[in-house]
Amino acid sequence: MLQLTVLYPQPSDVAQFEADYAEHLALLHEKAGIPTTVKPYTVTKFMPTPDGAPTFYQMFTLPFESPEILQATMESAAMQEVGADAYRISTGGAPIFLVGSTE
């Protein structure tokens with residue numbers, strides 16, 4: 001199983017990021033044809049530590065059954081739009097996109 005991970009840096013305005021992210025997830029659901037009641041992804045918000053705020057504010061992960069499905073999904077016009085929107089809402093710097101294999 002493959003997993004797409006998106007790491008969002010600390011936003012310049014947390015409240016604005018949260019509002020924009022809600023719209024971003026709605027766009028993902030619309031473009032990917034995912035019913036709003038289904039959440040095949042996870043969203044993790046990182047907490048401050050004694051050393052302060054972490055570099056990243058939030059992580060999004062979405063599993064894929066195969067490299068072919070991941071590639072076809074990421075190359076689609078709909079997901080290109082979702083990806084561009086991820087950059088738009090990430091006011092603390094560009095989001096980091098990673099693909100990994102889960103065991």
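Given the structure is predicted, the values throughout are model-derived calculations rather than measurements.
The distance from the CZ atom of Phe97 to the OG1 atom of Thr5 is 11.0 Å, given to the nearest 0.5 Å. Rounded to the nearest 0.5 angstrom, Lys31 NZ and Thr73 OG1 are separated by 15.0 Å. Atom-to-atom distance recorded for Leu28:CG and Met79:CE is 5.0 Å, nearest 0.5 angstrom. Rounding to the nearest 0.5 Å places CZ of Arg88 at 8.5 Å from CG of Leu27. Here the CD-CD1 distance, from Glu18 to Ile89, works out to 9.5 Å after rounding to the nearest 0.5 Å. Considering CG of Leu25 and CG of Asp20, their distance stands at 11.5 Å, rounded to 0.5 Å.
Side-chain contact check for Gln10 versus Pro54: some heavy-atom pair is nearer than 4.5 Å. Two residues are said to be in side-chain contact when any heavy atoms from C-beta on lie closer than 4.5 Å; Thr102 and Pro63 fail this criterion. When side chains are defined from C-beta on, Pro11 counts as touching Val14, because their heavy atoms get closer than 4.5 Å.
Surrounding NZ of Lys45 are more than 12 heavy atoms belonging to other residues, nucleotides or ligands, all under 6.0 Å away. Counted within 6.0 Å of CE on Met47, heavy atoms from surrounding residues, nucleotides or ligands total 12 or fewer; the atom is thus considered open.
Linking Ile, Leu, Val, Met, Phe, Trp and Tyr residues whenever their side-chain heavy atoms come within less than 4.5 Å leaves Val6 and Met59 in two separate clusters. A single hydrophobic cluster is not seen to contain both Ile96 and Leu4; linkage of ILVMFWY side chains at heavy-atom distances under 4.5 Å, directly or through other members, places them apart. Leu62 and Val99 fall within a single hydrophobic cluster, where Ile, Leu, Val, Met, Phe, Trp and Tyr are joined by side-chain heavy atoms under 4.5 Å apart, directly or via other members. Both Tyr41 and Phe64 are part of a single hydrophobic cluster, where members link through side-chain heavy atoms under 4.5 Å apart. Two different hydrophobic clusters hold Leu98 and Val43 under the rule that ILVMFWY side chains link at heavy-atom gaps under 4.5 Å.
Using a distance-only test at 3.5 Å, with no hydrogens or angles considered, a donor-acceptor pair links the side chain of Gln80 to the main chain of Met74. Judged purely by atom type and a 3.5 angstrom limit, Ser90 has no side-chain atom pairing as donor or acceptor with the backbone of Tyr87.
Paired with Tyr8 under the rule ring pair (Phe, Tyr, Trp, His ring centres under 6.0 Å), one option of Phe46, Tyr57, Tyr21 passes, and it is Tyr21.
Closest heavy-atom contact between Thr61 and Gln3: CG2-NE2, 3.5 Å. Pro9 and Ala94 make their closest contact through CG-O, 3.5 Å (heavy atoms, listed as atom of the first residue, atom of the second, distance).
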Please lay out, stage by stage, how Lys39 and Ile34 fare under the test side-chain contact (heavy atoms from CB on, under 4.5 Å). CA-CA 8 Å; Lys39 295 191 172 141; Ile34 302 169; over 6 Å; no
